[in-house]
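See structure below.
We use all heavy atoms of the structure for the numbers below, so side chains are in, but hydrogens, waters and symmetry mates are not. Chain letters run A, B, ... following the sequence lines, proteins first and then strands; every chain starts at 1.
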Protein chains: 2
Amino acid sequence: MPRGFSGIAALLADPTREAMLAALADGSALPAGRLAQLAGITPQSASGHLRKLLDGGVVSVWTQGRFRYFRLADERVAVALEALAGLARPRVTPAVVQDPRSAKLAAARCCYNHMAGSLGVALACALAKRAYIKIDGDAVALTRAGSRWAEEFGFAARATSVDRREVRLCLDWTERRFHLAGRFPGGVLQFLLETGHLVRQETRVLCVTPSGKLWFRGLGIEA
Amino acid sequence: MPRGFSGIAALLADPTREAMLAALADGSALPAGRLAQLAGITPQSASGHLRKLLDGGVVSVWTQGRFRYFRLADERVAVALEALAGLARPRVTPAVVQDPRSAKLAAARCCYNHMAGSLGVALACALAKRAYIKIDGDAVALTRAGSRWAEEFGFAARATSVDRREVRLCLDWTERRFHLAGRFPGGVLQFLLETGHLVRQETRVLCVTPSGKLWFRGLGIEA
DNA sequence: GGAACGTTTCACCGCGCAACGAAGCGAGCT
DNA sequence: AGCTCGCTTCGTTGCGCGGTGAAACGTTCC
């Protein structure tokens, strides 16, 4: 852990690490291999970068089996990243500060393999309200009713007690609330994409189709 | 001007540049040579660093004769620096966050060759109220009354129209208001130090003596 | 004019770090 | 058990950057 701000700045000064941190900037947790892929480097290079970021306290890690999920260590990291990003190119296009993409990203986006944004948060709330999932503290479990509901749509979902691979909470950065991550939410997203209820636009942006609006309305969500 | 935050971070990632920026963190403007001295490097090294910081928009420069005064380009730079510094060593000595030195620095400090802090701001207000100086926008001029007042204390001060070397405004970082910089405020500080109204403590901290309290009271300032 | 001074530019040296290939570790699957 | 897969560690290469000395530029003072 460095003493002054130059040590922290050195950790953020590499373009490759910037690509990784930008991918984590929305609060999502990504495994090392995917971060390597996003940054366009080999896994062993990414491993070195992530080790530095971890030692510097910029990211935290959560090991699950052979996967190691990395995320930003703290909200203050995201704040510092935004402060730095705001310093770069300060006087370029002073108007049009509101990026139209950011609005779409806040509405609905894919976070690795599941849904995030206000739509992802609404989905999590709806599933909890219908007792398809049961939230206890930061632990989430898929109920038998939720398992049956999942089978309706053709993707298997085991009603395990507390299996973080199956379903877990993920802090949504734009909403400051939790949405769902894991295999089960991943299956939901995959189902919605395959059936055309959602279409994937440019990087990570999700767009709700007319049939998707109907599907979400069935859960009490106005998309 | 870099595109992402990694470019800006690279500018802040050098310990030598950190020393320079820390010296400028209170909003003071320092010449290149003094920054080199503070950072413990040769002038030609400092010149290279300052060129990078200038190109990156981190600092701004104001040339005066053979001197080039550097300062932080923007308040947002200071905000970003604080955000980064807050990230370094987050869990070391969680108590005693309030540095007793910072309170003294906020009360009264020397900014290169003049006074800053709440005492410096109060002095600027008192001199303006007594029409010793005339503030018009960001231009400041020493009046004839101010010139006579200065001669009482033995330091020459020319009542020029608008000479930025004589007197100019300097944004006070702790007060977010302006205090005075230039030869004339420099002469005031020199006078106060020589007469024992102020004593210089550890780096940049100024302490008001009992005789100093009387002197400031004569200007309507309770130090 | 000449000298002193603050600053910048240039050329060079040396260290540090990011990238990869190869190999090793550990967990999960059959 | 053997295999696959994700990740890490080790060793190497090569580029980039910070540091200094030498020299040039511009300003100020005599």
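Not counting sequence neighbours, the partners of A/Glu194 by the side chain to side chain donor-acceptor pair (under 3.5 Å) test are A/Gln190. Not counting sequence neighbours, the partners of B/Ala128 by the side-chain contact (heavy atoms from CB on, under 4.5 Å) test are B/Ile133, B/Ile135. Under the side-chain contact (heavy atoms from CB on, under 4.5 Å) criterion, A/Arg130 pairs with A/Tyr132, A/Leu219, sequence neighbours left out. By the side chain to side chain donor-acceptor pair (under 3.5 Å) test, A/Ser47 is found to be paired with no residue, residues two or more places apart in sequence or in another chain being considered. Under the side-chain contact (heavy atoms from CB on, under 4.5 Å) criterion, B/Ala131 pairs with no residue at all, not counting sequence neighbours. B/Ser45 is linked by a side chain to side chain donor-acceptor pair (under 3.5 Å) to B/Thr42, counting only residues two or more places apart in sequence or in another chain.
Across the protein-nucleic acid pair, A/Leu12 atom CG and C/dA18 atom P stand 12 Å apart, rounded to whole Å. Atom C1' of nucleotide C/dG16 and atom CG of A/Leu11 are separated by 14 Å, given to the nearest angstrom. The CH2-C1' distance, from B/Trp62 to C/dT7, rounds to 16 Å in whole Å. Rounded to an integer number of Å, the gap from A/Gln37 CD to D/dG6 P is 11 Å. Rounding to whole angstrom units, CZ of residue B/Arg34 and P of C/dC5 are separated by 18 Å. Summarising the geometry, the separation between CG on A/Asp55 and C1' on D/dT9 is reported as 14 Å, rounded to the nearest angstrom. Look at OH on A/Tyr69: it is 13 Å from P on D/dT8, rounded to the nearest Å. Whole-Å rounding puts the B/Leu54 CG to C/dT7 P distance at 14 Å.
Phosphate proximity of C/dA27 to A/Arg68: absent, as no side-chain N or O sits under 4.0 Å from OP1 or OP2.
Between the axis at the start and the axis at the end of the helix from C/dG1-D/dC30 to C/dT30-D/dA1 there is an angle of 30°, using five pairs per end and rounding to 10 degrees.
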5' to 3', nucleotides 13-27 of chain D under a 4.0 Å protein heavy-atom cut-off (B base, S sugar-phosphate only, - none) gives -----SSBB----BB
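Counting all heavy atoms, side chain and backbone alike, A/Tyr69 lies closest to A/Ala29 at CD2-O, 3.8 Å. When all heavy atoms of B/Leu198 and B/Leu193 are compared, the closest pair comes out as O-CD2, 3.5 Å.
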For residues 5-12 of chain B, which side-chain donor-acceptor pairs fall under 3.5 Å, sequence neighbours excluded?
residue : atom : partner : partner atom : Å
B/Ser6  : OG   : A/Glu18 : OE1          : 2.4

